[in-house]
J.: 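The structure follows.
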Amino acid sequence: MDQEVFQKVHPREYLARFLNKDVRPDGRSLTKARRVNITVSSIATAVGSAMLKMGKTTAVAGVHATLVQPAPGAPDQGILDVAVELLPMASPNYKSGRSSEEAICLTEYLRSLISPHINMSKLCVEAGLLVWQLRLTVYCVDNDGNLEDAILLAGVAAMRNVLLPSVRIIGEEVDEGRDAQMVEVKTENEEGEGEAESIIAVATVERTNSLEIDTYPLPISFILFDGKVLIDPSVAEESVCDSRITFLFRPTGELRGVLKPGGKNVPENLYQSCLTMAKERIPKLQAKLEAT
Amino acid sequence: MPPATKRSRSRGGGAGGLEYISLDGLRIDGRRPTEVRKIRCSLGALSRADGSAYYEQGNTRVLVAVYGPREPHSRASIQHDRAVVKCEFSTAMFASPVYRRTWKGDRKSTAAALVMQKAFEGVILTASYPKSQIDIYVQVLQNDGGALVAAINAASLALVNAGVAMSDFVVACSVGFVDDTFVVDPSSLESASDRPELTLAVLSHSAKIASCQLDSKLPDGESFERALEFATSGANQIFKVLEYEVRKYSLNLLDSRGLVAL
């Protein structure tokens with residue numbers, strides 16, 4: 001039988017035969033993660049951006065910033081919106097149209113892990129009047145497995161890359177020359193009566209204010225297949241795995257959390273070996289992110 | 001946020017604010033009026049797609065993937081004698097400095113997708129792939145003017161990469177009109193909704209026009225021919241780059257299979 005046909009008809013058996021020889025279909029050993037490559041600031045229209053390649057898996061993350069009025073409940077807090085989009089170009093199985101369940105789950109996963117590390121009061125220009133609204137969008141353009149790790153790392157890299165201009169509220173419109181630009185934010189009238197007012201501010205063209213994100217999550221995922229663990233799974237491996245486990249670390253190397261979304265249970269010895277492998281990899285990942 | 005210069009343009013442009021053409025006859029970014037922006041591209045940028053291309057024209061960056069010919073998603077769209085070409089055009093949230101909620105279904109994206117679909121339906125030998133579908137997915141990562149032009153050029157490369165049979169190669173180029181001068185391949189600073197802009201897609205070998213779109217009116221009757229001339233010369237410049245890229249890619253492919261020695 002042809003190799004490709006065999007893989008389609010017996011995907012589990014196909015992978016098992018490779019693993020019996022201690023090698024994976026893409027030539028890696030079971031404990032070898034794919035090479036991670038991060039480039040930042042490549043998109044000039046975004047205040048922060050990152051492109052992450054993890055083997056063939058590719059994610060592009062960008063942050064868009066706008067000045068808005070703060071929410072009434074949190075006058076001195078900025079706003080962070082997070083979105084993950086799985087583009088139909090990323091995989092033949094992705095349909096165009098509305099966000100799939102998978103995209104929504106990944107959005108929630110990214111939001112819950114990133115937002116605790118952003119100091120929202122740093123995004124405040126003037127309490128009750130003006131705050132930054134950041135929109136982090138991560139596009140998956142090529143899906144070759146382990147999207148969870150790729151999207152989180154791309155998101156973290158883009159947020160760490162964010163540089164915001166300095167903003168100052170002024171009374172009226174004056175010409176500040178080429179180094180600054182005027183921003184006008186319409187205020188909403190709560191009663192809906194009277195004329196709509198607006199806040200006028202100037203923002204410097206030069207962007208220097210970073211969000212100073214020192215602590216961030218670093219993910220490392222494994223899959224279980226037939227009593228074996230595989231680090232950093234590819235898409236073919238993910239589709240036949242028994243269960244998945246993700247370790248989340250702080251940049252200092254401490255374990256921050258473990259995610260295990262269902263599937264078969266993980267025996268103690270395998271859990272420990274995963275943890276050891278993950279701990280070895282963390283410094284490398286951290287160095288990649290810090291180097292950007 | 002809009003760049004500093006946008007403000008001065010909205011106040012009167014031209015003489016009052018920004019000078020689009022300097023006394024030396026150069027444009028804001030230092031190009032001559034007939035010069036296209038620097039193009040960088042690569043074929044086969046994505047692993048899962050049947051064909052793909054990454055394309056940069058100045059600061060406009062697009063990624064295009066082609067899937068197919070493959071089985072159509074819905075039975076209703078099957079044509080028994082030819083392939084169906086579908087195109088989807090979407091823009092990244094952070095692609096332009098001004099925040100605009102764009103999604104695949106908005107008017108501009110739908111219009112751009114339709115232009116591309118029609119242009120490529122004409123060159124793809126659809127009769128060779130009956131009962132199948134060819135999908136072209138465009139993602140604009142950064143838009144500094146001419147996103148549709150970049151998307152068409154990138155889609156041509158992606159279709160070549162996918163090995164889809166085509167009768168000709170589609171190349172696009174736009175022409176703007178600022179300060180009484182035609183400028184080839186205008187950047188976002190040079191294009192505005194109230195100024196004429198011609199977007200042209202030509203078949204590079206037969207020199208036939210695949211698509212031609214003129215926004216806003218030109219000053220006089222003769223200037224349309226002049227604009228066409230400028231656009232065609234721009235398209236020829238772009239085609240040289242694309243042709244070189246395709247040749248380089250194909251030679252590398254042949255070399256890697258041991259069929260030619262480089």
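So that the names make sense, note that chain A is the first sequence line, chain B the second, and so on, each numbered from 1.
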J.: Measuring heavy-atom distances to chain A, does B:Val66 have an atom under 4.5 Å in its side chain, in its backbone, in both, or in neither?
T.: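 Neither; nothing under 4.5 Å.
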J.: Which bit of A:Ala61 comes within less than 4.5 Å of chain B, counting heavy atoms only: side chain, backbone, both or neither?
T.: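 A:Ala61 touches chain B through backbone heavy atoms alone.
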J.: For the pair B:Asp144 and B:Arg61, find out whether any cationic side-chain nitrogen is under 4.0 Å from an anionic carboxylate oxygen.
T.: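 No, B:Asp144 and B:Arg61 are not salt-bridged.
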J.: Check this for me, if you would: do B:Arg48 and A:Asp142 make a salt bridge, where the nitrogen-to-carboxylate-oxygen distance has to be below 4.0 angstrom?
T.: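 Between A:Asp142 and B:Arg48 there is no salt bridge, as every charged N stays at least 4.0 Å from the carboxylate O atoms.
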J.: Could you tell me whether B:Glu190 and B:Arg31 have a side-chain N and a carboxylate O separated by less than 4.0 Å?
T.: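 Result for this pair is yes, salt bridge flagged.
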J.: Check for a donor-acceptor pair, side chain of A:His64 on one end and backbone N or O of A:Val47 on the other, with a separation under 3.5 Å.
T.: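 Answer holds: no.
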J.: Among A:Ala83, A:Ser49, A:Ser42, which residue has the highest count of heavy-atom pairs closer than 4.5 Å to chain B?
T.: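 Sorted descending by pairs with chain B, the first entry is A:Ser42.
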J.: Looking only at heavy atoms and a cut-off of under 4.5 Å, which of A:Val141, A:Thr58, A:Asp144 has the most pairs with chain B?
T.: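 Among A:Val141, A:Thr58, A:Asp144, the one with the most close pairs to chain B is A:Val141.
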